[in-house]
Amino acid sequence: MSDDKYNPKEAEQKWLQYWESEKIYAFDAKKKGKIYSIDTPPPTVSGKMHIGHAFSYTQEDVIARYKRMCGFNVFYPFGTDDNGLPTERLVEKMKNVKGALMERQAFIKLCEETLKEIRPAFVDDWKRLGISCDFSLFYSTINEHCRRISQWSFIDLYHKGRTYRKEAPTLWCPECRTAIAQAELQDKEKQTELVHIEVKTEDGTPLIFATTRPELYPSCAGMSVHPTDSRYNEFVGKKVILPLTGVRIEVTTDNMVDPAFGTGVVYFCSSGDAQFLDWETRHPVKNKVYLINPDGTMNDRAGSYAGLTIVQARKKIVDDLRQLGVVKKIESLTHTVNAHERCGTVVEYLSSKQWFIKYLDLKNAFLELGNQLTWHPDFMRHRYENWVKGLKWDWCISRQRFFGVPFPVWYCKKCEKPVVANEKDLPLDPLKDKPPILTCTCGSTEFLPEKDVLDTWATSSLTPMIAAKLMEPTLSEKIFPITLRPQGHDIISTWLFYTTAKSYLHTGQPPWKNVAISGWVLDPYGKKMSKSKGNVIAPQEIINKYSADALRFAAATSKLGEDAAFQEKDLVAGDKFVTKVWNASKFAFMHLEGVDGSEKPTEVIDQWILSRLSAVIEESTEAFEAYEYSRARFVVERFFWDDLCDNYLELVKTRLYEPKAPELKKSAQAALQVVLPAVLKLMAPFTPFITEELYHKYLHTKEKLPSIHVSSWPTPQKRDKNAEAVGAVVVAILAAVRKKKSEMKLSMKAPAKKLVIESKVSIASALEDLKATCCAELVDFGKATEQITPDLKVSIEL
RNA sequence: GGGCCCGUGGUCUAGCGGUAUGACGUCACCUUUACACGGUGAAGGUCCCCGGUUCGAAUCCGGGCGGGCCCACCA
């Protein structure tokens, strides 16, 4: 027995299979009582699980396991997000194709097949972590179930008057050739040139403006200066003539002009320009000119620049202006521009027809909804509020892509009136299916299908409903609103906000009760991990090198909402913990053979450890209830290592091996048979594999449950303050003796000739245990010399 | 420019009103019948800086400095 060792590789595989085959984590639809439901984040199928996933999914799983042991019927589904642009990009890369150049249905089929091929291995990474999802409650955001709900959502909002279709300047990605939403923007540092161009008024006075976007020059609509800028007073209200195009425009004033930037003169254009949209609200332009094509090239209205890319056009226009002698200066400039987060391309604003969800009028309602949520940690609510307050656009939900949920919409060929599908026919594809009516109100019988697909967020913002509706209606009503939404702070402005918005629009309620926001995993130096920096740590390799338990142990060190630098030493610590639990259990259960439960803890040291255990159960439970799993892990680990292993087990060894009377051993057994199982259970949410192994090895026959993970969370007993006080003094004396022996470079087994104790707390009841552990030959109570604590002095003679 | 978070021994971290927790690393010692993947001990800290509140501050308040994230601006 003593040389048997724990092999995590074998054991973890064994338990993974066991949990799955025995359906340990299955949601019990028939069970009565309280449900704890989780809106599990569906990871985007894009390669592999990364270390950030490994940490955050562990953190939510720890909570799920705790709740399950507390008796909740835990509803913990698992989904994958494999809809839309990210999948298209992945498939294009894997299969070396371009969606835009393929036949539409062939590309969709290729996406579906590719997903089918890679999904199982992808999901396996999550299973390997030991998360306790019910994997039979599975969804993919592109499957029928999700398409149905996603299309229903659109129709519901359409009938509620919350969707509209409009031709308007929209954020546009020229690389992906689709409209995108505000939330999909990312900052990008860019090196560019600020070109100073001279124009003249009608009477010939020169005026110089500076721009980073000279390619938009053909659509120049006006110029502004700051109203208090004395340099330009004389220009206000006058017209200037643009060289090259000959267009006359008026100089106006605008408070938004920064006199210190460039020359203090702003020119604004009626196309491809974020600034214009803002300027236009104050300086209306009658004839807008859009210069840029959906693919990022210049169109016919750009005259001789037609067909050039934006970058080419910029160069050519500057060259042409230079030949006219009006380019006065070119400065280089680094500035931040908006780029599409999926591909990094600088976005443009293009006028196109798109579907929107109208919600800018609901900011206050969204803020109120955010208030109704319990945030873990609380300060994360500011991120949400900040985002809601800063919303400027309605939500553009149409995407000019292929692999996504189709809009359930057709248009009358004659009057363009949209025709929306019936709910009972969902899911459908207007490119394949017929509209629900034969004749439009205008009399026409011809309809055109909508070709656009829905924004992926339009579907993933429905996950609470998608999850709940995996169950039959009466049950899904109990599951919704979901108890917990776990997610990262990077997607508060997308996933969290959109989900809240949709829930409000459909139901008027918040989608969840709690949100738990996990932090990032940074590299050991505190920098963000990225493939380009080469500092990525693969969780699969970590699990192979250590174990899933060790990885989870490390993941549970960082608090919710806090970024944590990845430290390999945390894995070493996890590994050591697993070994230590194994050995301590082996020791304890070896001495518990033959117990019948009639043993009573009569010795004060045994009462001490039991009382300490109760204190730890209280602390751990309290921490878990506040979603502070890291504190829960910390207190249990300290109790286990310090109180239990280093002190208690040493203090009772003599009584266990060579008891002076049988009752003395029985008293220790009475404590051990409570403490060890409790520690295993307190640690089960963190290290589910080793605790399951030990449960089956030693406790299964007694409790007769199929798994420690469906056993009950320990309950604290009444504390024994006297025993706790005695225990604390005994531990302090033991430490003093150990220190002395260590200073003398002696073995801990070296005898102590004499020990004198001067303590305000009487420790007479623990004397035999202390004496044996210190190997003291003689113990006296009386005046001692060495101050240990204010209430304790000892003298040690070796 | 606005908001939020953070700043503790070499490194990471706990504590968040009574001068400091643990891990890793370093050093010394101990083969003690659960564990050498161990045990015992040691060295190592102006708790970012300056004010204030308080009998007392790492902990609360104000102001700096430094780092990070989100948002806005960027002609």
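All chains are named by letter (A, B, ...) in the order of the sequence lines, taking the proteins before the strands, and each is independently numbered beginning at 1.
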Residues forming a side-chain hydrogen bond (donor to acceptor under 3.5 Å, both in side chains) with [X], sequence neighbours excluded:
{"X": "A:Arg314", "value": "A:Glu215"}
{"X": "A:His226", "value": "A:Thr228"}
{"X": "A:Asn7", "value": "A:Glu10"}
{"X": "A:Tyr629", "value": "A:Gln59"}

Pair of N/O donor and acceptor under 3.5 Å linking B:C37 base with A:Thr579 side chain: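 Indeed there is one.
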Take atom [atom1] of [X] and atom [atom2] of [N], then tell me their distance rounded to the nearest Å.
{"X": "A:Asn338", "N": "B:C74", "atom1": "CG", "atom2": "P", "result": "10 Å"}
{"X": "A:Asp523", "N": "B:C12", "atom1": "CG", "atom2": "P", "result": "11 Å"}
{"X": "A:Lys576", "N": "B:C35", "atom1": "NZ", "atom2": "P", "result": "17 Å"}
{"X": "A:Asp563", "N": "B:C70", "atom1": "CG", "atom2": "C1'", "result": "12 Å"}
{"X": "A:His591", "N": "B:C35", "atom1": "NE2", "atom2": "P", "result": "10 Å"}
{"X": "A:Leu656", "N": "B:U32", "atom1": "CG", "atom2": "C1'", "result": "15 Å"}
{"X": "A:Phe577", "N": "B:C35", "atom1": "CZ", "atom2": "P", "result": "18 Å"}
{"X": "A:Ile690", "N": "B:C37", "atom1": "CD1", "atom2": "C1'", "result": "12 Å"}

When all nucleic acid strands are considered with a 4.0 Å heavy-atom cut-off, which category describes [X]: base, sugar-phosphate, or nothing?
{"X": "A:Val257", "answer": "base"}
{"X": "A:Lys389", "answer": "nothing"}
{"X": "A:Phe634", "answer": "sugar-phosphate"}
{"X": "A:Glu650", "answer": "base"}
{"X": "A:Ala573", "answer": "sugar-phosphate"}
{"X": "A:Cys775", "answer": "nothing"}
{"X": "A:Arg638", "answer": "sugar-phosphate"}

[N] versus [M] - spacing of their [atom1] atoms, nearest Å:
{"N": "B:G62", "M": "B:C6", "atom1": "P", "answer": "14 Å"}
{"N": "B:A23", "M": "B:C60", "atom1": "C1'", "answer": "30 Å"}
{"N": "B:U33", "M": "B:C27", "atom1": "C1'", "answer": "30 Å"}
{"N": "B:U40", "M": "B:U31", "atom1": "C1'", "answer": "14 Å"}
{"N": "B:A14", "M": "B:G52", "atom1": "P", "answer": "30 Å"}
{"N": "B:A43", "M": "B:C70", "atom1": "C1'", "answer": "43 Å"}
{"N": "B:U46", "M": "B:A42", "atom1": "C1'", "answer": "23 Å"}
{"N": "B:C65", "M": "B:C49", "atom1": "P", "answer": "15 Å"}

Plane angle bin for A:Tyr498 and A:Trp395 - parallel if under 30°, tilted between 30 and 60°, otherwise perpendicular: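 Answer is parallel, since the angle falls under 30°.
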A:Glu658 side chain, from C-beta outward: closest of B:C35, B:U33, B:U32: B:U33
Residue A:Lys586, side-chain atoms from C-beta onward, closest of B:A14, B:C35, B:C24: B:C35
Where at least one partner belongs to residues 730-743 of chain A, residue pairs that pass side-chain hydrogen bond (donor to acceptor under 3.5 Å, both in side chains), sequence neighbours excluded: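 Qualifying pairs, neighbours excluded: A:Asn647-A:Arg738.
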Residue pairs fulfilling side-chain hydrogen bond (donor to acceptor under 3.5 Å, both in side chains) with at least one residue in residues 380-391 of chain A, sequence neighbours excluded: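 Counting only pairs at least two positions apart or across chains, the side-chain hydrogen bond (donor to acceptor under 3.5 Å, both in side chains) contacts touching residues 380-391 of chain A are A:Asp378-A:Arg381.
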If we call it a pair only when both distances are under 3.5 Å in a Watson-Crick or G-U wobble match, what pairs with [N]?
{"N": "B:A23", "result": "B:U11"}
{"N": "B:G66", "result": "B:C6"}
{"N": "B:C73", "result": "none"}
{"N": "B:C47", "result": "none"}

Residues forming a salt bridge (Lys or Arg N to Asp or Glu O under 4.0 Å) with A:Lys559, sequence neighbours excluded: A:Glu562
A:Lys653: partners by salt bridge (Lys or Arg N to Asp or Glu O under 4.0 Å), with sequence neighbours left out: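 Listed in chain order: A:Glu650.
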Output field: ring centroids A:Phe577/A:Phe686 closer than 6.0 Å: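 Aromatic pair excluded; centres sit 6.0 Å or further apart.
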Within the 6.0 Å centroid threshold, strictly below: A:Tyr546 and A:Phe553: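 So the answer is no for these two rings.
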5' priority, RNA chain B, between A:Leu333 and A:Gly390 [closest heavy atom]: A:Gly390
First of A:Met256 and A:Asp642 reached from the 5' end of RNA chain B, by closest nucleotide: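 Result: A:Asp642.
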Under 3.5 Å, which protein N or O atoms sit close to an N or O of nucleotides 17-19 of chain B? Give each pair with its distance.
none

More than 12 heavy atoms of other groups within 6.0 Å of A:Lys660 NZ: no
Non-neighbouring partners of A:Gln787 that pass side chain to side chain contact (heavy atoms under 4.5 Å, CB included), sequence neighbours left out: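 Applying side chain to side chain contact (heavy atoms under 4.5 Å, CB included) to A:Gln787 gives A:Lys793.
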Distance below 4.0 Å between A:Lys528 side-chain N/O and B:C69 OP1 or OP2: no
B:C73 OP1/OP2 closer than 4.0 Å to side-chain N/O of A:Lys392: yes
I'd like a table of atom pairs between the protein and nucleotides 39-43 of chain B - only N or O on both sides, under 3.5 Å - with the distance next to each one.
unit_1 : atom_1 : unit_2   : atom_2 : d
B:G39  : OP1    : A:Lys580 : NZ     : 3.1
B:G39  : OP1    : A:Trp641 : NE1    : 2.9
B:U40  : OP1    : A:Asp646 : OD2    : 3.4
B:U40  : O2'    : A:Arg738 : O      : 3.2
B:U40  : O2     : A:Ser742 : OG     : 3.2
B:G41  : O4'    : A:Ser742 : OG     : 3.4
B:A42  : OP1    : A:Lys739 : NZ     : 3.3

A:Ile491 vs A:Trp457 side-chain heavy atoms within contact, under 4.5 Å: yes
Salt bridge (charged side-chain N to carboxylate O under 4.0 Å, His left out) between A:Glu768 and A:Arg655, worked out: CA-CA 9 Å; A:Glu768 285 305 314; A:Arg655 271 199 278 134; over 6 Å; no
Nucleotides 3-11 of chain B: protein proximity per nucleotide (B base, S sugar-phosphate only, - neither; heavy atom, under 4.0 Å): -SS-----B
